[in-house]
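The block underneath contains the structure these notes are about, expressed in C-alpha cells.
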Amino acid sequence: MATPMESIMAMFLMSLTNFGDYYSAFSKTKHEYVAKLLFVIYMAIVAILLVNMLIAMMGNTYQKIAETRNEWQRQWARIVLVVERGVSPAERLKQMMVYSQPMSDGRRALVLRLHQSDEDKEEMKEILEMKRRHERHLKKRKDKELGKAPITTQPIKATQLIK
C-alpha cells in the first residue's frame with residue numbers, strides 16, 4: 001500500500017469482511033503494529049457508526065408508527081364532525097342527553113372505554129342495573145302520584161343490553 005488512497009481503499013474492502021489478504025500484508029510493512037492498530041480502531045469506529053445508524057432508523061420507524069397509531073382518532077373525529085353537521089341542533093342535543101354522562105361541573109361528556117377489564121364491564125353492568133331500577137322506581141312513584149295503577153313488566157337485565 002504505497003499511497004494513502006490505496007490504504008483507505010484497502011480499509012474499506014477490509015470492512016466488508018475481505019481482510020484476509022490485506023491483514024497478512026500488514027506483516028510485510030515497516031509499521032506492522034501501527035497498521036494493525038489502525039485497522040482495529042477503524043473497524044471499531046465503523047461498528048459504532050453502524051449501530052448508531054441502526055438506532056436512528058429504529059427511532060424513525062417508531063415515530064412513524066406512533067403517528068399512524070393516532071391517525072384513527074383524527075379520522076374518527078372527522079367522521080363525527082361530518083355527522084354532527086348533518087343533524088339539526090335540536091336532534092344533536094337530544095342524542096347528547098341520551099349518550100353522554102354528566103361531569104362534576106354540570107356539563108355532559110361522551111365517555112369512551114375502549115379497553116375494559118372484566119371487572120370494569122361487571123361494574124358497568126351493575127351501574128346500568130341500578131340506573132334501570134331507579135328509573136322504574138321513579139316511574140312507579142309518578143304513576144302513584146297521578147293515581148294510575150302501576151304497570152308491572154319484566155325487568156331487563158344488564159347482560160341482555162351489554163354484549
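Side chains included, hydrogens not; waters and symmetry mates left out as well; all remaining heavy atoms used.
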Ile45 reachable from Met53 in the ILVMFWY side-chain graph, under 4.5 Å edges: no
CZ (Arg74) and CZ (Arg78) are apart, to the nearest 0.5 Å, by 8.0 Å
Distance col, row Leu138:CG vs Glu135:CD, nearest 0.5 angstrom, shows 7.5 Å
When rounded to the nearest 0.5 angstrom, what is the spacing between CG in Leu146 and NZ in Lys142? 9.0 Å
Where the side chain of Arg108 meets the backbone of Met103, is there a donor-acceptor pair that is under 3.5 Å apart? no
More than 12 heavy atoms of other groups within 6.0 Å of Asp118 CG: no
With a 4.5 Å heavy-atom cut-off, do His134 and Lys131 have their side chains touching? no
So for atom CD, which belongs to Glu119, do other residues, nucleotides or ligands contribute more than 12 heavy atoms lying within a distance under 6.0 Å? no
Would you sort out whether Glu122 and Lys125 count as a side-chain contact (heavy atoms from CB on, under 4.5 Å), showing the intermediate values? CA-CA 5 Å; Glu122 195 61 38; Lys125 288 176 189 176; 4.2 Å; yes
Using the rule given for side-chain contact (heavy atoms from CB on, under 4.5 Å), can you reason through Tyr33 versus Leu37, listing the C-alpha separation, both sets of side-chain angles and the distance that settles it, and then say yes or no? CA-CA 6 Å; Tyr33 297 112; Leu37 178 67; over 6 Å; no
Compare every heavy atom of Arg92 with every heavy atom of Glu84, then report the nearest pair and how far apart it is. O-NH1, 2.6 Å
